[in-house]
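Reckoned from all heavy atoms, side chains included, excluding hydrogens, waters and symmetry mates.
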Amino acid sequence: QVQLVESGGGLVQAGGSLRLSCAASGRTGSTYTMAWFRQVSGKEREFVAVNTRSASTIYADSVKGRFTISRDNAKNTVYLQMNTLKPENPAVYYCAARPFGILQAPSSYDFWGQGTQVTVSS
């Protein structure tokens, strides 16, 4: 099993920045691919960004140029630097992991964190 613990969420003003972290423990060999998703209440979980241990990355079009995903393999931690945040409905950001591949569908991921809420005020 893999345990994922997110942190770094909170309330921020529009235009501001937040940095989310996701620390993996357990069978970290199954975390070759780590991704961020977000979910607004009542809506489907949507892909934000994905990163592999070999540093391949993909971003959702809505966050390109504003968000950066990175990871520290030695710490088994993935980060999401979010800049120029836009005023939106509060969303819970989830970290997810899978042992291989670089995929964007939530159903493709085996392990999930509990989420951290991000609220951007106008």
Side-chain angles (χ1 to χ4, degrees):
Q1 282 294 332
V2 173
Q3 293 78 44
L4 301 174
V5 179
E6 302 99 331
S7 60
L11 174 64
V12 63
Q13 287 191 330
S17 299
L18 275 178
R19 188 194 195 205
L20 306 182
S21 300
C22 172
S25 61
R27 294 178 58 187
T28 55
S30 295
T31 60
Y32 175 81
T33 302
M34 296 185 76
W36 289 96
F37 294 82
R38 64 187 177 191
Q39 187 169 22
V40 174
S41 180
K43 295 189 176 182
E44 292 187 354
R45 195 166 296 188
E46 66 171 354
F47 168 77
V48 175
V50 61
N51 174 280
T52 69
R53 198 167 286 149
S54 59
S56 296
T57 60
I58 298 176
Y59 294 94
D61 287 344
S62 60
V63 306
K64 280 180 182 176
R66 300 186 299 119
F67 290 12
T68 302
I69 188 170
S70 61
R71 67 193 289 169
D72 185 331
N73 290 326
K75 295 182 178 179
N76 295 310
T77 299
V78 67
Y79 305 96
L80 186 68
Q81 177 67 43
M82 306 187 293
N83 298 329
T84 320
L85 285 162
K86 300 179 179 180
E88 298 171 319
N89 291 331
V92 177
Y93 280 71
Y94 295 93
C95 174
R98 58 175 285 117
F100 59 89
I102 185 165
L103 302 174
Q104 300 178 40
S107 59
S108 301
Y109 285 78
D110 303 301
F111 308 104
W112 290 87
Q114 81 290 349
T116 185
Q117 180 149 321
V118 173
T119 302
V120 183
S121 64
S122 57

Kindly compute the distance separating OG1 (T52) from CG (L103), expressed to the nearest 0.5 Å. 11.0 Å

Test item: E6 side-chain N/O and G115 main-chain N/O as donor-acceptor pair under 3.5 Å: yes

S121 side chain reached by L11 side chain, heavy atoms, under 4.5 Å: yes

All heavy atoms of V2 vs all of S30, minimum pair found to be CG2-CB, 3.9 Å

Note, C95 side chain near V78 side chain (heavy atom, < 4.5 Å): yes

Nearest heavy-atom approach of Y94 to Q114 is CE2-O, 3.6 Å

Heavy-atom nearest pair, N83 first then Q81, reads OD1-NE2, 2.9 Å

Evaluate the side-chain proximity of V118 to M82: yes if any heavy-atom separation is below 4.5 Å, no if none is. yes

Could you label the plane-to-plane angle of the Y93 and F67 rings as parallel, tilted or perpendicular, counting under 30° as parallel and over 60° as perpendicular? tilted

Could you tell me if the side chain of E46 sits less than 4.5 Å from the side chain of V40, heavy atoms only? no

Given side chains that start at C-beta, do those of Y109 and R45 come closer than 4.5 Å, heavy atoms only? no

I need the I102 CD1 to T57 OG1 distance, nearest 0.5 Å. 6.5 Å

Quick one: closest heavy-atom pair of Q117 and P90, and the distance? NE2-CB, 3.7 Å

Considering only heavy atoms from C-beta outward, does the side chain of T33 approach that of V50 to under 4.5 Å? yes

Within the structure provided, determine whether Y79 and T68 are in side-chain contact (heavy-atom separation under 4.5 Å). no

Is any side-chain heavy atom of R38 closer than 4.5 Å to one of S62? yes

Minimal heavy-atom distance between S70 and N51, with the atoms involved, is CA-ND2, 4.4 Å

How long is the gap from CZ on R27 to CD on Q3, to the nearest 0.5 Å? 10.5 Å

Intermediate values then yes/no, side chain to side chain contact (heavy atoms under 4.5 Å, CB included), R53 and T31: CA-CA 8 Å; R53 198 167 286 149; T31 60; 3.0 Å; yes

Between S108 and R98, does a side chain to side chain contact (heavy atoms under 4.5 Å, CB included) hold up when you go through it step by step? CA-CA 8 Å; S108 301; R98 58 175 285 117; 3.6 Å; yes

Please report the interatomic distance NZ(K86) to OG(S122), rounded to the nearest 0.5 Å. 14.5 Å

Between F37 and F47, what is the ring plane arrangement, given parallel below 30°, perpendicular above 60°, and tilted in between? perpendicular

Rounded distance [0.5 Å steps], OG1 in T116 versus CG in L80: 11.0 Å

Can you name the closest pair of heavy atoms from A97 and L4 and give their distance? N-CD1, 3.8 Å

Linking I/L/V/M/F/W/Y whenever any side-chain heavy atoms sit under 4.5 Å apart, do L85 and I69 land together? yes

Answer yes if V92 and W112 sit in the same cluster of Ile, Leu, Val, Met, Phe, Trp and Tyr residues linked by side chain heavy atoms under 4.5 Å apart, and no otherwise. yes

